[in-house]
S.K.: 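Mind having a look at this structure? Questions to follow.
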Amino acid sequence: QSQLVESGGALVQPGGSLRLSCVYSGFSLRHYAVGWFRQAPGKEREGVSCASTGADSTHYADSVKGRFSISRDDAKNTVYLQMNNLKPEDTAVYYCGISTGALWSNVETMCIQMAQFSLGEWGQGTQVTVSS
C-alpha cells in the first residue's frame, strides 16, 4: 500500500525559512497532481499550493504568494514546499496530498476541492510553528 510521508516541519522564528518534503512510496508520482495543504487549530484545512503533473501549472493561496514555492522531483517521487519569510499565521500542520492528474481541469480547482472534500491520498502531516 502506497504512502505519503512528510518531513521538515519545525519551530522557526518569524522571517525564517523551512523546506518541507513529501516522499511517495508508490510506483511513480508522475501521473499525479500534487499539493500542500495546512490546517491550523480551529480552522478548516486549506490548499497552500498545488502543482500539475510535470509542474506545468502551479497555484498558490494568496496568503503565501511570493513566499512559498512548490516543486516536484518525479525521479525521487518527492514533492517539496520551500517556505520563506515565515509568519506566525503560517503555523499549522502541513499535509501533502496527491490526486490523479487527469481528474482535474486546473490546479486551483484541485487545491480548493481536495482541501474541502478530503479527496485523493494524504500524508499524516508535519507541524510547522512560527514563533519568537
Side-chain angles (χ1 to χ4, degrees):
Q1 186 173 354
S2 60
Q3 287 185 311
L4 293 164
V5 180
E6 302 97 334
S7 62
L11 170 63
V12 63
Q13 292 187 342
S17 297
L18 284 175
R19 188 174 82 155
L20 305 183
S21 299
C22 172
V23 179
Y24 177 58
S25 65
F27 178 69
S28 177
L29 188 63
R30 67 186 182 95
H31 298 296
Y32 294 93
V34 300
W36 286 96
F37 306 80
R38 67 186 181 188
Q39 188 165 19
K43 293 189 176 181
E44 299 289 323
R45 187 175 297 190
E46 65 168 333
V48 174
S49 180
C50 293
S52 64
T53 54
D56 297 330
S57 179
T58 57
H59 167 75
Y60 294 91
D62 288 343
S63 58
V64 306
K65 281 181 182 176
R67 300 188 298 122
F68 290 13
S69 178
I70 189 170
S71 61
R72 58 189 296 165
D73 185 338
D74 289 342
K76 295 182 178 179
N77 273 5
T78 303
V79 186
Y80 303 99
L81 184 68
Q82 178 66 43
M83 305 187 295
N84 299 325
N85 190 22
L86 283 159
K87 303 176 181 181
E89 51 264 41
D90 295 318
T91 295
V93 178
Y94 283 70
Y95 299 89
C96 173
I98 65 173
S99 183
T100 302
L103 293 176
W104 304 99
S105 58
N106 66 76
V107 290
E108 180 177 0
T109 299
M110 168 191 158
C111 243
I112 292 170
Q113 294 195 0
M114 278 190 69
Q116 185 174 3
F117 301 113
S118 294
L119 302 174
E121 299 179 45
W122 295 85
Q124 293 300 305
T126 185
Q127 176 71 46
V128 173
T129 302
V130 185
S131 175
S132 55

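These numbers come from a predicted model, not from an experiment.
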S.K.: Hey, does the side chain of S25 reach the backbone of Q3 with a donor-acceptor pair shorter than 3.5 angstrom?
M.R.: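 Present.
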
S.K.: Hey, does L81 have a side-chain heavy atom less than 4.5 Å from the side chain of V79?
M.R.: no

S.K.: From S49 OG over to H59 NE2, what is the distance, rounded to the nearest 0.5 angstrom?
M.R.: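 Separation between the atoms: 7.5 Å.
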
S.K.: Determine, using the 4.5 Å side-chain heavy-atom cutoff (strictly less than), whether L4 and F27 are members of one ILVMFWY cluster.
M.R.: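 Different hydrophobic clusters.
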
S.K.: Determine the minimum heavy-atom distance between P14 and S132, stating which atoms define it.
M.R.: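 Looks like CD-N, 3.7 Å.
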
S.K.: Give the minimum heavy-atom separation between A92 and A40, together with the two atoms involved.
M.R.: CB-N, 3.8 Å

S.K.: Please answer whether the main-chain N or O of I70 pairs with a side-chain N or O of Y60 as donor and acceptor at a distance below 3.5 Å.
M.R.: yes

S.K.: Could you grab the distance from atom OG of S131 to atom CG of L86, nearest 0.5 Å is fine?
M.R.: 12.0 Å

S.K.: Is there a side-chain contact between Y80 and R19, using heavy atoms and a 4.5 Å cut-off?
M.R.: yes

S.K.: Do the side chain of T126 and the main chain of G9 share a donor and acceptor less than 3.5 angstrom apart?
M.R.: yes

S.K.: What distance do Q116 atom CD and S118 atom OG have between them, rounded to the nearest 0.5 Å?
M.R.: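 The CD atom of Q116 sits 9.5 Å away from the OG atom of S118.
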
S.K.: Considering only heavy atoms from C-beta outward, does the side chain of Y32 approach that of Y24 to under 4.5 Å?
M.R.: yes

S.K.: What distance separates Q127 CD from L11 CG, expressed to the nearest 0.5 Å?
M.R.: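 Between atom CD of Q127 and atom CG of L11 there are 9.5 Å.
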
S.K.: Could you tell me whether a side-chain N or O of R72 sits under 3.5 Å from a main-chain N or O of L29, the two making a donor and an acceptor?
M.R.: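 At least one qualifying donor-acceptor pair exists.
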
S.K.: Give a yes or no answer on whether the side chain of E108 reaches the backbone of I112 with a donor-acceptor pair at less than 3.5 Å.
M.R.: no

S.K.: Hey, is the main chain of S28 close enough, under 3.5 Å, to the side chain of D74 for a donor-acceptor pair?
M.R.: no

S.K.: Looking at Q124, I want to see if its CD is surrounded by more than 12 non-hydrogen atoms of other residues, nucleotides or ligands under 6.0 Å.
M.R.: no

S.K.: Apply the test side-chain contact (heavy atoms from CB on, under 4.5 Å) to residues L20 and E6: give CA-CA distance (whole Å), side-chain angles for both, the deciding distance (0.1 Å), then the verdict.
M.R.: CA-CA 7 Å; L20 305 183; E6 302 97 334; over 6 Å; no

S.K.: Given side chains that start at C-beta, do those of C96 and V34 come closer than 4.5 Å, heavy atoms only?
M.R.: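 The answer is no; the side chains never approach within 4.5 Å.
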
S.K.: Could you give me the CA-CA distance, side-chain angles and deciding distance for L18 and Y94, then say whether side-chain contact (heavy atoms from CB on, under 4.5 Å) is met?
M.R.: CA-CA 12 Å; L18 284 175; Y94 283 70; over 6 Å; no

S.K.: Report the distance from atom SG of C50 to atom CD1 of I98, rounding to the nearest 0.5 Å.
M.R.: 12.0 Å

S.K.: In the structure I gave you, are the side-chain heavy atoms of D90 and M83 within less than 4.5 Å of one another anywhere?
M.R.: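 They are not in side-chain contact.
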
S.K.: Output yes when a side-chain donor or acceptor of S52 lies under 3.5 Å from a complementary backbone atom of A33, and no otherwise.
M.R.: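 Absent.
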
S.K.: Go through S17 and V12 one step at a time and tell me if the side-chain contact (heavy atoms from CB on, under 4.5 Å) criterion holds.
M.R.: CA-CA 7 Å; S17 297; V12 63; over 6 Å; no

S.K.: In plain terms, say whether D62 and K65 are close enough for a salt bridge, that is, a side-chain N and a carboxylate O under 4.0 Å apart.
M.R.: yes

S.K.: Compute whether any side-chain donor of one residue and acceptor of the other, for S63 and E89, lie under 3.5 angstrom apart.
M.R.: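 Side chains of S63 and E89: no pair found under 3.5 Å.
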
S.K.: In terms of hydrophobic clusters joined by side-chain contacts under 4.5 Å, are W36 and M110 together?
M.R.: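 W36 does not cluster with M110.
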
S.K.: Between A115 and G47, what is the shortest heavy-atom contact and its length?
M.R.: CB-N, 3.8 Å

S.K.: Hey, can you tell me if Y95 and W122 have their rings parallel, tilted or perpendicular (30° and 60° cut-offs)?
M.R.: perpendicular

S.K.: With a 4.5 Å cut-off on side-chain heavy atoms, are V64 and R38 touching?
M.R.: yes

